[in-house]
Asks: 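First the structure, then my questions, so here it is.
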Amino acid sequence: MPRRALWVPAFLIALGTTAAGDDAAPPAKIEKFTADQRDHWAYQPLEAVEPPKVREVGWVRNPIDRFILADLEIAELPHSPEADRAILLRRVCFDLTGLPPTPEEAAAFLNDDRPDAYERLVDRLMDRPQFGERQAQHWLDLAHHADTNGFELDAERPDAWRYRDWLVAALNADMPYDRFVRLQIAGDELAPGDRDALIATGFCRAGPREVVGGNIAPEVKRQNELTEITSTVASVFLGLTVGCARCHDHKFDAVPTTDYYRLQAFFAPAELSEPSIADPEEVEAFEKAKKEAEARIAPLRQEMAELEAPHREAIAARKRATLKPHEQALLAIPESDRTPEQKRIAAGLASSIRVTWEDVAHEVAGDPADHARREALKARIHEIQQTLPRPPAHALALTDASAEAPDSFVLLRGDPKTPGVRVEPRPPGVILACQGSDAFGPDSITPGEKTTGRRSALANWLADPSNPLVARVIVNRLWQRHFGRGLVATPSDFGVRGEPPSNPELLDWLAARLIEGGWRLKPIHRLMLTSAVYRQSSRPVAVLTEEDEPNDLLGRMNRRRVDAEALRDAMLAVSGELNPEMGGPGVLAPLEKEVKDLIFTEAEEVDLWPVDPDPAQHRRRSIYLFKKRNVRYPLLESFDAPDNQTVCPRRDSSTHALQALNLMNGDFALNRAHALAERLAREAGADVDARIRRAYRLVLCRDPAPDESPRAAAFLAEQAAAVNESAAWDDLALALLNCNEFLYIP
């Protein structure tokens, strides 16, 4: 019988690939792309750019200013004057640390008349550990990191926080960005045996993962995992949206389906693993504590089982009574004597009459005495379980199973059940076509003793200075952080449908400075923050407002609202409550009662939101809060914190009623206002004017204006007459925390 021919799409034949099961074409061959595809600006090598000459040289503080000023002079538009020093202080503190300056820090800076006082301030802020916490928050948005898997079960990832802590430490140490990239893609291959390098691969594990046993075909589940990793890596490091090419050639960018699966092939041998990184002593101590706890819990479980037994029997009897006679007869047949069809039916019947814990909880609730005893036993068991130390350390990692790589195929229409042609790992062809034939070849992948070497090959290509995208993408992200909008306004889409750079020469100059400076990010931060462009006032200049309304030419600074985490942290800081402790497992802080009651029912067997018993932990920085994908803190959610379900390259900044409700009536805001009022009394004494002055310095980083002090005093007197003096100070504190001046960075 002749072999049936396999249909292969014409575009695959044109690329020289072959059908599944046959040998693939040599991976070194790069497809031919049109001139328009190859000429796209993002794929071109970095240009050697010199800062342009400008007329107003006295305004220039560093080369960045020349690029911006040159465009303004061509457009015959002015720049804005330098911002007030107090405004500049608050701006740079939030940008670098995510926290407002203290009154003492403000006084020290404002009284420092040295010509390089501002530059010294920038250096001090970058040396603080809070720098890494702030910058890590931006990166976690890109990694869409959380402490749970997401989807229906949203189960906890007990060791996910280790990647977050690695990230904070790496950014504080100013790890070169090329190494930063390499470790997150292939730390296990590049530094075998290095615990931190293994943890770094948690970047590839940070996104959501569907873990529902029996409901998803294994090949579909595996493909979903590879899709998540591939799309995230391309988006974050290359600024390319390749995800749609899993089903068809990209409609706009020069990314054929074959290139998508070639990129995915780098990750095909990798497993989502959780290797132990614990010391033997840690494992031994945990097992000992667990055994002791189980011994204490066993009699309590036995007592609960005896209490529940009659209730279970009653439920089971009622459920069996609902079966029809022939169904009961079928279940009476011994399993070994059932036909395959009878076994299938019996399995369904057994599931329908199974007694669940919800059934038992509801049944026991009908007997007040049994219910009270059962709740007491549950509470005692939970108390004993809480005494256990955390499980021995594991890394949430990506590792190769062996040195043998599985075959990778183009999946027709993205369906893992319909493989097409076989492909080898290779970066996107259109980028290689612009780089040159020696950028990536058959010899680029070197297998190790226990690894395929594929991910390390990809990591080395990504971090190679000849790669035109990686340096451009990261300096653009830094620019976005400090100026509110990237030079490329679509920071994760450098493709043809993304926005072109507003100043391509500056983008390339910054990328080149990054590479020449050993890929260190802190000097790039410093360049941006010490520029005259960054120091401008955000007040609109009339001619600029008319001629350059979007402020593309940066003739003024963009005014920005503080993001959700910075807002929460700032409220804790000014109230004097912020706990500076760094690192460790995510903290479960209290949810508003209405939110918890809405999400978690009282019938739950265990407390699904066990708040940390130490109140001081609730007041740690937002980056250390436990991030559950399906349960979000109302304050953070209302101020546009991402949901961690997808990569977030740029946050929205919305305005809606829930924000005011959270800041005026939310438990968190009310508690911070009360703590701030107590701090004022503690630090400024009984003098009303001194308290008001201290309040403005703490919250707004300035003294009250001449008309603000009497207005605040009048407000206090009116509120004290209506309620009492203590409540009046709470209300003033709350009003200040709701000021636009507190919520925005000018």
Side-chain angles (χ1 to χ4, degrees), residues 6-9 11-12 15 17-22 24 27 143-144 146 149-155 157 185-186 201-238 240-251 253 255-274 396-402 404-428 452 454-455 458 629 644-647:
L6 176 68
W7 177 81
V8 180
F11 78 90
L12 296 181
L15 295 180
T17 52
T18 56
D22 296 336
H144 52 313
N149 288 326
F151 293 98
E152 182 181 359
L153 295 182
D154 203 19
R157 296 172 172 174
I185 300 296
T201 63
F203 169 81
C204 297
R205 296 285 311 276
R209 183 187 181 198
E210 192 164 10
V211 183
V212 183
N215 290 349
I216 306 175
E219 63 271 23
V220 174
K221 179 171 174 288
R222 173 61 174 168
Q223 181 55 34
N224 290 342
E225 293 169 350
L226 291 175
T227 298
E228 159 69 26
I229 295 170
T230 306
S231 298
T232 299
V233 167
S235 168
V236 172
F237 297 115
L238 293 172
L240 294 179
T241 59
V242 303
C244 66
R246 64 180 291 204
C247 298
H248 51 74
D249 290 355
H250 201 293
K251 289 184 178 296
D253 293 325
V255 182
T257 304
T258 46
D259 270 10
Y260 173 83
Y261 286 100
R262 284 168 175 154
L263 185 59
Q264 184 176 283
F266 285 107
F267 302 98
E271 291 186 340
L272 281 63
S273 61
E274 297 177 19
L396 205 68
L398 196 69
T399 55
D400 279 5
S402 71
E404 295 295 324
D407 288 338
S408 293
F409 302 96
V410 172
L411 304 181
L412 305 182
R413 295 172 296 281
D415 186 353
K417 297 180 181 179
T418 56
V421 297
R422 186 167 64 85
V423 291
E424 295 294 330
R426 199 200 67 187
T452 62
R454 288 189 174 189
R455 282 179 292 116
L458 174 64
R629 295 186 200 272
N644 303 310
Q645 303 288 3
T646 56
V647 171

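Note that this is a predicted model, so its numbers are computed, not measured. The figures that follow rest on heavy atoms only: side chains count, while hydrogens, waters and symmetry mates do not.
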Asks: Could I get the full list of side chain to side chain contact (heavy atoms under 4.5 Å, CB included) partners for T399, not counting sequence neighbours?
Replies: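 Only D188, L198, S273, A397 meet the side chain to side chain contact (heavy atoms under 4.5 Å, CB included) criterion with T399.
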Asks: Applying side-chain hydrogen bond (donor to acceptor under 3.5 Å, both in side chains), can you list everything that pairs with N644, at least two apart in sequence or on another chain?
Replies: none
Asks: Given side chains that start at C-beta, do those of L398 and I185 come closer than 4.5 Å, heavy atoms only?
Replies: no
Asks: Measure the CG-CG distance between L458 and L263 for me, rounded to the nearest 0.5 Å.
Replies: 6.5 Å
Asks: Run the ring pair (Phe, Tyr, Trp, His ring centres under 6.0 Å) test against F237 and tell me which residues pass, sequence neighbours left out.
Replies: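 F237 satisfies ring pair (Phe, Tyr, Trp, His ring centres under 6.0 Å) with W139, F203 once adjacent residues are dropped.
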Asks: Using atom types as modelled and distance alone, determine if a side-chain donor or acceptor of R262 lies under 3.5 Å from a backbone N or O of P428.
Replies: no
Asks: Determine all donor-acceptor pairs shorter than 3.5 Å in which one atom belongs to a side chain in residues 227-234; sequence neighbours excluded.
Replies:
residue : atom : partner : partner atom : Å
T227    : OG1  : Q223    : O            : 2.8
T227    : OG1  : Q223    : NE2          : 3.2
E228    : OE2  : H144    : NE2          : 2.5
E228    : OE2  : T232    : OG1          : 3.2
T230    : OG1  : L226    : O            : 2.7
S231    : OG   : T227    : O            : 3.0
T232    : OG1  : E228    : O            : 2.8

Asks: For a quick test of reading the model, state the closest non-hydrogen atom pair linking V242 to H250 and the distance between them.
Replies: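 The pair with the smallest heavy-atom distance is CA-CD2, 4.5 Å.
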Asks: Is the closest basic N to carboxylate O distance between R205 and E274 below 4.0 Å?
Replies: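 Between E274 and R205 there is a salt bridge, with a charged N closer than 4.0 Å to a carboxylate O.
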Asks: Would a 4.5 Å heavy-atom cut-off, applied to side chains only, mark P425 and F266 as touching?
Replies: yes
Asks: Do D249 and V255 have side chains that get closer than 4.5 Å, going by heavy atoms?
Replies: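 No. Closest side-chain heavy atoms not under 4.5 Å.
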Asks: Tell me, please, which residues at least two apart from Q645 pass side chain to side chain contact (heavy atoms under 4.5 Å, CB included).
Replies: P208, R629, N630, D643
Asks: Taking all atoms of both residues into account, what is the closest heavy-atom pair of S402 and T452, and its distance?
Replies: O-CG2, 3.5 Å
Asks: Does Y260 have any side-chain hydrogen bond (donor to acceptor under 3.5 Å, both in side chains) partners at least two apart in sequence or in another chain, and if so, which?
Replies: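 Counting only residues at least two positions away or on another chain, Y260 forms a side-chain hydrogen bond (donor to acceptor under 3.5 Å, both in side chains) with Q264.
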Asks: If you measure from the Lys or Arg side-chain nitrogens to the Asp or Glu carboxylate oxygens, is any gap between E210 and K221 under 4.0 Å?
Replies: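 Looking at E210 and K221, the cut-off is not met.
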Asks: Measuring only between side-chain heavy atoms, which start at C-beta, is L272 closer than 4.5 Å to R222?
Replies: yes
Asks: Quick one: are K417 and L411 in side-chain contact, heavy atoms under 4.5 Å?
Replies: no
Asks: Got F151 and R209 here, is their nearest side-chain heavy-atom distance under 4.5 Å?
Replies: no
Asks: Taking the side chain as C-beta and beyond, is there a heavy-atom pair between P269 and P406 under 4.5 Å?
Replies: yes
Asks: Mind listing the closest non-hydrogen atom pair of A270 and R455 along with its distance?
Replies: CB-NE, 3.7 Å
Asks: In the structure I gave you, are the side-chain heavy atoms of E271 and D400 within less than 4.5 Å of one another anywhere?
Replies: no
